[in-house]
Amino acid sequence: MKVDGRHFRSIWLEPDGRSVGAIDQRRLPHEFIVAKITTADEAGEAISSMLVRGAPLIGATAAYGMALAMRADASDAALERAGKMLAASRPTAINLKWAIDEMQRALAPLAASARADAAYARAREIADEDVEINRDIGRHGLGLIETIAATKKPGEPVNVLTHCNAGWLATVDWGTATSPIYQAHDRGIPVHVWVDETRPRNQGASLTAWELGHHGVPHTVIPDNTGGHLMQHRMVDLAIVGTDRVAANGDVCNKIGTYLKALAAHDNGVPFYVALPSPTIDFSIDDGIRQIPIEQRAASEVTHLTGRTADGRIETVRVVPDGSTVANFGFDVTPARLVSGLITERGVLSADRAALASAFPERSKVS
Ligand SMILES: CSC[C@H]1O[C@H](OP(=O)(O)O)[C@H](O)[C@@H]1O
């Protein structure tokens with residue numbers, strides 16, 4: 001997507017053909033800083049520190065991390081070690097394991113001398129595939145927005161609520177939940193986005209709002225607790241969120257607070273859609289609430305906030321009393337019964353095993 005008129009992906013191979021460039025998402029929205037990742041360990045640290053974040057982008061970063069590992073040591077032991085290290089960087093997004101499995105499947109049969117070049121080629125394919133998949137997600141999700149737009153008065157926007165950041169910053173490009181929004185906007189369909197700030201890391205306020213602003217999409221940042229009120233007052237036409245892992249039965253794991261939005265949407269008859277690329281489907285599990293591991297992150301993400309002072313300095317301040325106990329669950333699981341549909345690269349599916357297996361037979365058999 002564009003940043004001040006210049007096209008960017010969220011991650012890319014640098015001109016040196018070895019190191020990997022990535023937007024440091026911890027510095028947005030106040031600073032646009034590009035990080036250079038030069039080793040597999042740095043790729044793992046970029047994922048665990050959330051320099052890069054978002055399920056598809058985590059996968060692409062791990063793929064390049066495997067390539068960096070092979071550049072340094074292409075032995076079988078190094079291939080296994082890099083996979084384990086990267087897989088341990090974050091537990092919830094299944095795209096991480098998917099990408100590592102893809103890389104090891106491509107590299108294990110090769111002679112060590114051929115592995116580095118093959119790894120970079122496969123990592124680039126994974127990144128490019130993500131862009132095309134997300135473009136297709138947008139194409140299929142666009143229909144949902146067009147249907148609602150047809151019921152509106154001329155110029156009246158379709159109001160979409162989203163939670164966290166499932167934008168182009170969470171993927172290699174386009175985003176998942178935002179792809180239909182960008183495509184509707186680019187076609188002149190009036191859209192407005194209610195952006196959940198998404199405590200504690202504020203991915204909505206700091207990332208989604210930044211993205212939408214740079215693309216010229218009208219949006220309003222709201223505290224996380226506002227969505228239910230807006231839905232009660234018919235101010236939300238559609239909710240679209242991303243996901244980090246979908247169980248075979250259609251249960252959806254996403255950023256903490258998604259489940260509460262789905263409950264409010266269900267109670268108010270607001271369509272609640274989840275956008276995802278097929279690598280996010282985990283066909284090996286069929287009960288998301290019981291089987292999807294929920295990451296717990298540092299208390300400091302809750303006790304402290306970072307922002308810009310009136311005179312332009314970036315400062316971090318404490319917002320919780322010393323000594324208070326903190327719980328920081330990163331994700332929750334929305335049961336399939338609360339999901340109106342899954343927007344995938346192969347169409348909009350009902351949130352159930354039959355629909356997922358029918359749309360992706362090649363994946364459902366593997367698991
Ligand atoms: C398109 S996947 C985006 C997904 O990932 C986010 O989590 P995090 O920012 O912690 O990586 C969030 O769950 C988004 O919906």
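Hydrogens, waters and symmetry mates are skipped; everything else that's a heavy atom, side chains included, is used. Please read all numbers here as calculations on a predicted model, not as lab measurements. Whatever order the structure lists ligands and atoms in, that order sets their numbers, starting from 1.
- Atom 1 (C) of ligand 1 has as its closest protein heavy atom Thr176 OG1, 3.4 Å.
- Counting protein heavy atoms only, atom 12 (C) of ligand 1 is closest to Cys164 SG, 3.4 Å.
- By the rule that hydrophobic residues join a cluster once side-chain heavy atoms approach within less than 4.5 Å of another member, Leu207 and Val3 end up as members of one cluster.
- Defined by atom type and a distance below 3.5 Å, a donor-acceptor pair is missing between the side-chain atoms of Asn328 and Gln296.
- Checking Asn134 against Ser179 by side-chain atom types alone, no donor-acceptor pair falls below 3.5 Å.
- Each of the atoms 1 (C), 2 (S) of ligand 1 lies under 4.0 Å from some heavy atom of Pro56.
- The side-chain contact (heavy atoms from CB on, under 4.5 Å) test with Tyr259 is passed by exactly one of Leu338, Val252, Asn254, Val333: Leu338.
- Although no hydrogens or angles enter the test, the distance criterion places no donor-acceptor pair under 3.5 Å between the side chain of Arg318 and the main chain of Thr303.
- For atom 15 (O) of ligand 1, the nearest protein heavy atom (residue, atom name, distance) is Asn254 OD1, 2.5 Å.
- Closest to atom 2 (S) of ligand 1, if we only count protein heavy atoms, is Ala55 N, 3.3 Å.
- With 3.5 Å as the limit, one finds no donor-acceptor pair spanning the side chains of Asp196 and Thr198.
- With a 4.0 Å cut-off on non-hydrogen atoms, Lys255 touches ligand 1 through its backbone as well as its side chain.
- With hydrogens and angles left out, the side-chain atoms of Asp41 and Thr39 include no donor and acceptor closer than 3.5 Å.
- For ligand 1, the atoms closer than 4.0 angstrom to any heavy atom of Gly54 are 3 (C), 5 (O), 11 (O).
- At a 3.5 angstrom cut-off on N or O pairs, Gln203 counts as close to ligand 1.
- Aromatic ring pairs are classed by plane angle as parallel below 30°, tilted from 30° to 60° and perpendicular above 60°; the pair His233 and His229 is tilted.
- When non-hydrogen atoms are compared, ligand 1 lies under 4.0 Å from the backbone of Asn165 (N, CA, C, O) but not from its side chain.
- Judged purely by distance below 3.5 Å, without hydrogens or angles, the side chains of Thr92 and Asp244 never pair a donor atom with an acceptor atom.
- Within the listing of ligand 1, atoms 9 (O), 10 (O) sit less than 4.0 angstrom from a heavy atom of Met50.
- The shortest heavy-atom distance from Asp244 to ligand 1 is under 4.0 Å.
- The distance from ligand 1 to the heavy atoms of Ala170 drops below 4.0 Å at these ligand atoms: 1 (C), 3 (C).
- With atom 6 (C) of ligand 1 as the reference point, the heavy atom nearest to it among Arg90, Arg53, Gln25 is part of Arg53.
- Residue Thr243 has at least one heavy-atom neighbour below 4.0 Å for each of these atoms of ligand 1: 2 (S).
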